[in-house]
> 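One structure, pasted below without further comment.
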Protein chains: 2
Amino acid sequence: MAISGKKPIYLQLVDRIKNEVATDILSANDQLPSVREMALQERINPNTVAKAYKELERQEVIKTLTGKGTFVTGNTQNVKNLNQNQLFSELSSSVDQLLKNGVTRKQIEQFVDDLFGGKNAKN
Amino acid sequence: MAISGKKPIYLQLVDRIKNEVATDILSANDQLPSVREMALQERINPNTVAKAYKELERQEVIKTLTGKGTFVTGNTQNVKNLNQNQLFSELSSSVDQLLKNGVTRKQIEQFVDDLFGGKNAKN
DNA sequence: CAACTGTACTATGTAACATAGTACATATCA
DNA sequence: TGATATGTACTATGTTACATAGTACAGTTG
């Protein structure tokens with residue numbers, strides 16, 4: 001995942017790491033690259049990485065041990081739940097807007113079904 | 001709908017007007033308030049309104065006749081379709097993300113059903 | 001002509017963002 | 001102990017977007 005887009009770089013990094021925690025790409029107590037290392041990898045300024053880490057710590061996604069490094073929080077479930085709530089909220093908002101646009105309930109349900117590729121429900 | 005939030009004021013105005021066209025609050029050939037009038041109503045700078053109108057014209061949502069005023073485009077269906085496509089795209093993205101977060105298909109479908117308030121499908 | 005449209009400038013100020021550079025306290029390890 | 005790595009905290013600089021104020025001008029309408 002590259003760092004590019006409209007959002008501030010440090011926020012893109014925040015989003016990416018939160019997403020990696022939510023999707024188990026990053027697990028509890030995993031160590032993250034140092035600010036300088038991450039800066040080299042992503043070709044951005046160490047200060048920008050530090051800003052992202054600071055924000056992630058504020059959100060209790062990672063914890064910091066000066067001299068040791070930064071690590072993923074012990075309880076990732078909290079991050080996952082917040083992430084899911086956010087996604088469900090966005091889903092709800094999209095449905096509301098579609099209804100206001102004159103799209104029918106049936107059309108929405110049909111679209112969601114099609115997203116799963118057919119009629120069969122496995123999960 | 002008030003002008004406040006994180007997004008730039010002129011973009012908030014753009015979004016609002018596009019939404020009003022998509023939801024038939026504004027209809028084809030309706031005249032919009034003049035830049036100065038809208039500025040007074042919303043308590044923002046006329047230049048900011050002008051910037052919004054310019055962007056809306058670029059997106060072909062409104063058309064401008066210098067000396068006469070600004071009017072909603074003749075074919076609002078185009079705006080509606082673009083709006084719906086955008087919303088469907090967002091919906092799809094939310095579902096994808098939820099699946100990546102370990103949420104099951106059943107849970108998502110159940111959530112969507114609950115959005116409609118129960119088991120009965122009217123529309 | 002008078003009053004209204006949208007448009008186009010200049011100028012000013014603010015705020016966020018990103019960068020470079022430096023410094024410092026802490027932790028780890030040879 | 002000394003070297004090196006960690007996160008953190010500054011200052012300074014530059015860029016960009018945004019919003020405002022003010023002025024001016026061309027076209028339209030009555």
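Atom set for the values below is all heavy atoms of this structure, side chains included, hydrogens, waters and symmetry mates excluded. Throughout, a chain's letter reflects where its sequence line sits, starting with A, and its residues are numbered from 1.
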> Any side-chain N or O of B:Ser34 less than 4.0 Å from the OP1 or OP2 oxygen of C:dT5?
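Yes, B:Ser34 has a side-chain N/O under 4.0 Å of OP1/OP2 on C:dT5.
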
> Can you tell me the distance, in whole Å, between the CG atom of B:Leu56 and the C1' atom of C:dG6?
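The distance from CG of B:Leu56 to C1' of C:dG6 comes to 14 Å, rounded to the nearest Å.
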
> Tell me: OH of A:Tyr53 to C1' of D:dT6, nearest whole Å?
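It works out to 11 Å between those atoms.
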
> Evaluate the side-chain proximity of A:Gln77 to A:Asn81: yes if any heavy-atom separation is below 4.5 Å, no if none is.
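In contact.
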
> NZ of A:Lys54 versus P of C:dC17: gap in Å, rounded?
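Distance, rounded to whole Å: 13 Å.
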
> Restricting to non-hydrogen atoms, name the atom on A:Ala22 and the atom on B:Asn101 that form the minimum distance, rounded to 0.1 Å.
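Heavy-atom minimum between the residues: CB-OD1, 3.1 Å.
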
> Can you tell me how far C1' of C:dA27 sits from CZ of A:Phe71, to the nearest Å?
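Rounding to the nearest Å, CZ of A:Phe71 and C1' of C:dA27 are 11 Å apart.
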
> Applying the side-chain contact (heavy atoms from CB on, under 4.5 Å) criterion to A:Val72, which one of A:Leu26, A:Asn29, A:Val79, A:Val61 satisfies it?
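Of the listed options, the one satisfying the test is A:Leu26.
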
> With respect to the side chain of A:Val35, which nucleotide from C:dA8, D:dT8, C:dT5 is positioned closest?
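Output: D:dT8.
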
> I'd like to know if the side chain of B:Asn19 pairs up with that of A:Gln97 as donor and acceptor (distance under 3.5 Å, no hydrogens or angles considered).
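Note: B:Asn19 and A:Gln97 side chains meet the donor-acceptor criterion.
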
> Does the side chain of A:Glu60 come under 3.5 Å of the side chain of A:Asn75 through a donor N or O and an acceptor N or O?
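The answer is no; no qualifying pair exists.
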
> Any side-chain heavy atom of A:Glu42 sitting closer than 4.5 Å to one from A:Gln12?
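A side-chain contact is absent here, since even the closest heavy-atom pair is not under 4.5 Å.
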
> May I ask you to say whether A:Glu109 pairs ionically with A:Lys106, meaning some side-chain N is under 4.0 Å from a carboxylate O?
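Looking at A:Lys106 together with A:Glu109, the answer is no, because their closest N to O distance does not fall below 4.0 Å.
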
> Is it true that, when you exclude A:Lys80 itself, more than 12 heavy atoms of the residues, nucleotides or ligands shown sit nearer than 6.0 Å to its NZ?
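Result for NZ/A:Lys80: enclosed.
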
> Please list, pair by pair, any protein nitrogen or oxygen found under 3.5 Å from a nitrogen or oxygen in nucleotides 13-20 of chain D.
unit_1: D:dA19; atom_1: OP1; unit_2: B:Ile9; atom_2: N; d: 2.4
unit_1: D:dA19; atom_1: OP2; unit_2: B:Ile9; atom_2: N; d: 3.3
unit_1: D:dT20; atom_1: OP2; unit_2: B:Asn45; atom_2: N; d: 3.0
unit_1: D:dT20; atom_1: OP2; unit_2: B:Thr48; atom_2: OG1; d: 2.8

> In terms of hydrophobic clusters joined by side-chain contacts under 4.5 Å, are A:Val103 and B:Leu91 together?
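Yes; tracing contacts between hydrophobic side chains, which count when under 4.5 Å, links both residues.
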
> For A:Arg36 and D:dA9, what is the distance between atoms CZ and C1' respectively, to the nearest whole Å?
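Atom-to-atom, A:Arg36 to D:dA9, this comes out as 12 Å.
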
> At a heavy-atom distance below 4.0 Å, what parts of residues 59-69 of chain B sit against DNA chain D?
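Contacting residues: B:Thr66, B:Gly67, B:Lys68.
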
> Report which part of the nucleic acid A:Glu57 touches: base, sugar-phosphate, or nothing (heavy-atom distance under 4.0 Å, all strands).
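Answer is sugar-phosphate: A:Glu57 comes under 4.0 Å of backbone atoms only.
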
